[in-house]
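For reference, the structure is listed below as structure tokens.
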Amino acid sequence: MGSIQALRGTRDILPEEIGYWQRVESVAQDILSKAAYQEIRTPIFEQTSLFERGIGEATDVVGKEMYTFKDRGDRSITLRPEGTAGVVRAFIEHGLAAQGGVQRLWYGGPMFRYERPQAGRQRQFHQIGVEVLGSLSPRADTEVIAIATQILQTLGLKNLHLNLNSIGNSEDRQHYREALIAYLTPFKSELDPDSQDRLSRNPLRILDSKDEHTQEILQAAPSILDYLNPDSKTRFEQVQQQLTSLGIPYEVNPRLVRGLDYYTHTVFEIQSDDLGAQATVCAGGRYDGLVAQLGGPDTPAVGWAIGLERLILLLQQLQPVSPTRIDFYVVSKGEPAEAQAVVLAQTLRQQGFSVELDLSGSAFGKQFKRADRSGAAACFILGDAEAETQTVQLKWLATGKQEAIAQSSLISMTELLRQQIADSRAEGKG
RNA sequence: GCGAGCGUAGCCAAGUGGUUAAGGCAGCGGAUUGUGGUUCCGCCAUUCGUGGGUUCGAGUCCCAUCGUUCGCCCCA
């Protein structure tokens, strides 16, 4: 065990698991493209200052979780801890705002946070996310939530809960913040230590505390919803009405605050009952100030990110992804036959079949054993006799039926073979 | 960064101080040198994450270290 292992918090996704990933990615891509979202790919590392300015210097993500290092040119580089900042940077840098209208973007890929790994949390993890830039309409909020819901539903996930809140605009929040501090200060000594600390730095996050006594104290605390100005309040009501008319269940949770500084108005989380402590599968919200804060034109925006590892944890609980089955397994023995088998395999692939060629050169018996385990519908057999007569034996593994075929007539049999594979699969299931 | 549990083969594991480290799955070879799925036989850990210590003797006890799991914090 002196050999090199994957770094803590990273892991390999092996072939047996990759089916889940491919399924998630194809479902997401399909739904997003039908909703007129376009993919954007941004670099995996950025200038450190992008995240400091975008996410907020006081947040834990920036304060203690970033993979930051100096490159050989003495620049401070950070592996992206989330996707929004990079997308917004690209949006500004390439003048996408000048194209006017609304930009609907989506992205996917690895993110990096230096945290202690646990269930549903790794140092390198993967997200798919969307960002709608340039719309102030509450309908944009509803749209992104609806899309997230559709993706999760299409994948067959159950026991999910959408939690919704509005944290208003920055003025609303400032007023609420003062009110909350005023309410909590007399209880300061009773709060859990973390919350005492947060009272001065980031009081809103006390709302999230898991400490029971802190939560008791919070029972009578003022609610953010009472501090929304009429416009903020109307916006929030519209989002809720639209979700209702879409038939998307949700729960308003006035305690829901998000850990990143850029959020405004709508914030939401989709959580699962079937995960451990890290139950949030999808989270997002509106961030009307971020684009301007990063030096771009004043542009309202809303988005979310889905955590793929958590999603796949849930998928694995549902049902196993059936392993991909190949059509044909090619068995051969002896010099001329083995050479012809290479050509045969390639010919079949060019006709659109999936074909595995046995490379072992071992006895036919062993090769058949492997053919059987491969899950192929049939195998082609090439030995000295076939090589000599330019034929090939085709054996159907389910029935054992076998026939000789002239190599030259294989291509003309493509449709027939396709049909026979389908038939043998259909029977195999019954 | 803090707390707790766990590290025996590719995987699942027995073993709780005393000769050669059970068993199962997978894999490989043979019975079956041109025909699979069953069966039978054989092979597959000089060594128990690593280093040190206690002991006549350590996979087993102690310390350290690394890894891992779950939780806190935080977040997708």
Side-chain angles (χ1 to χ4, degrees), chain A residues 1-11 14 16 55 58-66 80-84 108-129 148 152 192-195 197-198 202 205 208-211 257-260 268-272 275-285 303-314 329 331-334 337 358 360 362-376 378-387 393-402 428:
Chain A
M1 290 291 164
S3 54
I4 295 174
Q5 298 174 26
L7 284 170
R8 154 170 283 188
T10 69
R11 59 186 213 101
L14 299 174
E16 64 180 42
I55 300 171
T59 63
D60 278 19
V61 168
V62 170
K64 54 186 203 191
E65 296 174 2
M66 293 206 303
R80 63 183 186 192
E82 54 98 55
T84 301
M111 306 292 163
F112 305 85
R113 288 180 202 170
Y114 192 90
E115 299 178 274
R116 196 75 176 263
Q118 69 185 70
R121 195 175 74 185
Q122 290 172 231
R123 290 182 173 180
Q124 176 177 338
F125 62 102
H126 298 79
Q127 294 184 331
I128 285 178
L152 299 173
D192 62 280
D194 281 325
S195 294
D197 204 39
R198 286 185 287 212
N202 199 343
R205 271 204 278 147
D208 259 347
S209 172
K210 287 181 188 170
D211 184 84
V257 289
R258 310 271 319 126
L260 310 183
F268 68 94
E269 286 185 355
I270 300 175
Q271 299 190 318
S272 167
L275 288 170
Q278 312 302 322
T280 301
V281 174
C282 174
W304 51 249
I306 288 178
L308 260 37
E309 278 79 3
R310 292 178 189 177
L311 192 56
I312 282 162
L313 243 31
L314 293 172
Y329 193 92
V331 151
S332 61
K333 181 93 180 137
D358 193 300
S360 69
S362 52
F364 272 112
K366 296 294 173 195
Q367 295 197 48
F368 277 105
K369 203 165 271 187
R370 286 189 210 103
D372 197 49
R373 283 177 205 160
S374 75
C379 67
F380 280 99
I381 306 152
L382 267 157
D384 294 335
E386 289 77 19
Q393 297 284 329
L394 172 59
K395 175 171 183 174
W396 295 92
L397 289 162
T399 60
K401 273 189 204 144
Q402 188 170 325

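Order of the sequence lines fixes the chain letters, A, B, ..., with proteins taken first and strands second; residue numbering starts at 1 for each chain. Just so you know, these numbers use all the heavy atoms, side chains as well, and skip hydrogens, waters and symmetry mates.
- Without hydrogens or angle criteria, A:E309 side chain to A:H126 main chain gives a donor-acceptor distance under 3.5 Å.
- Remark: the separation of the P atoms in B:G52 and B:G59 is 14 Å, to the nearest Å.
- For A:E65, the salt bridge (Lys or Arg N to Asp or Glu O under 4.0 Å) test picks out no residue, with sequence neighbours left out.
- Look at the C1' atom in both B:U16 and B:C61: the space between them is 10 Å, to the nearest Å.
- As rounded to the nearest Å, B:G3 and B:C43 have P atoms that lie 49 Å from one another.
- Using atom P as the reference point in both B:A9 and B:G5, the two lie 22 Å apart (nearest Å).
- Nucleotide B:G36 forms no Watson-Crick or G-U wobble pair with any nucleotide shown, as no partner meets the under 3.5 Å limit on both distances.
- The interatomic distance linking A:Q122 (CD) with B:U68 (C1') rounds to 13 Å, in whole Å.
- Between the C1' atoms of B:C25 and B:U20, the separation comes to 25 Å (whole Å).
- The listed nucleotides are B:A76, B:G71, B:C73; the one nearest the side chain of A:K210 is B:C73.
- Looking at which nucleotide of RNA chain B each of A:L260 and A:D211 is closest to, the 5′-most match is held by A:D211.
- For the P atoms, the distance linking B:G24 with B:C41 amounts to 11 Å, nearest Å.
- For the 3.5 Å distance criterion, the side chains of A:S209 and A:D192 qualify, holding a donor opposite an acceptor.
- Residues A:R80 and A:P110 form a side-chain contact, since some pair of their non-hydrogen atoms from C-beta on lies under 4.5 Å apart.
- B:A14 and B:C56: their C1' atoms are spaced 27 Å apart (whole Å).
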Are any protein N/O atoms closer than 3.5 Å to N/O atoms in nucleotides 33-38 of chain B? If there are, list each pair with its distance.
| residue | atom | partner | partner atom | Å |
| --- | --- | --- | --- | --- |
| B:G34 | O6 | A:D384 | N | 3.0 |
| B:G34 | O6 | A:A385 | N | 2.7 |
| B:G34 | O6 | A:E386 | OE1 | 3.4 |
| B:G34 | N1 | A:E386 | OE1 | 2.7 |
| B:G34 | N1 | A:E386 | OE2 | 3.1 |
| B:G34 | N2 | A:E386 | OE2 | 2.7 |
| B:U35 | O2' | A:K395 | NZ | 3.1 |
| B:U35 | O2 | A:K395 | NZ | 3.0 |
| B:U35 | N3 | A:Q402 | OE1 | 3.1 |
| B:U35 | N3 | A:Q402 | NE2 | 3.2 |
| B:U35 | O4 | A:Q402 | NE2 | 2.6 |
| B:G36 | N7 | A:K395 | NZ | 3.1 |
| B:G36 | O6 | A:L397 | O | 3.4 |
| B:G36 | N1 | A:L397 | O | 2.3 |
| B:G36 | N2 | A:D372 | OD1 | 2.4 |
| B:G36 | N2 | A:L397 | O | 2.9 |
| B:G36 | N3 | A:D372 | OD1 | 3.1 |
| B:G37 | O4' | A:D372 | OD2 | 3.0 |

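- Pair check for B:G42 finds B:C28; Watson-Crick or G-U wobble, both atom distances under 3.5 Å.
- Across all strands shown, B:A76 remains unpaired; no Watson-Crick or G-U wobble contact has both distances below 3.5 Å.
- Closest approach to the A:Q127 side chain among B:U68, B:C73, B:A76 is made by B:A76 (side chain taken as heavy atoms from C-beta onward).
- For the pair A:T280/A:L275, no side-chain contact is recorded, criterion being any heavy-atom separation below 4.5 Å from C-beta on.
- Of the candidate nucleotides B:G67, B:C70, B:C75, B:C75 has the atom nearest to the side chain of A:R205.
- Contact check, A:Q118 against B:U69: no side-chain N or O comes under 4.0 Å of OP1 or OP2.
- Interface remark: the A:R116 side chain does not form any donor-acceptor pair with the B:C70 base, using a distance-only criterion of under 3.5 Å.
- Among B:C73, B:C75, B:U68, the nucleotide with an atom closest to any side-chain atom of A:R8 is B:U68.
- Nucleotide B:C73 holds its P atom 9 Å from the CD atom of A:Q278, rounded to whole Å.
- We find that A:R113 and A:E82 are not joined by a salt bridge, their nearest charged nitrogen and carboxylate oxygen being 4.0 Å or further apart.
- A 3.5 Å limit on both hydrogen-bonding distances identifies no Watson-Crick or G-U partner for B:A22.
- Residues A:S360 and A:D358 bring a donor and an acceptor atom of their side chains to less than 3.5 Å of each other.
- For the pair A:Y114/A:R123, a side-chain contact is recorded, criterion being any heavy-atom separation below 4.5 Å from C-beta on.
- Of all nucleotides present, only B:G67 satisfies the Watson-Crick or G-U wobble test against B:C6, with each distance under 3.5 Å.
- Considering only heavy atoms from C-beta on, A:D60 comes within 4.5 Å of A:R205 through its side chain.
- The structure places OH of A:Y329 at 10.5 Å from CG of A:D372, a figure rounded to the nearest 0.5 Å.
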Is there any protein nitrogen or oxygen under 3.5 Å from a nitrogen or oxygen in nucleotides 25-27 of chain B, and what are the pairs?
| residue | atom | partner | partner atom | Å |
| --- | --- | --- | --- | --- |
| B:G27 | OP1 | A:R373 | NH1 | 2.9 |

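- Here, B:U47 and B:U19 have their C1' atoms 16 Å apart, quoted to the whole Å.
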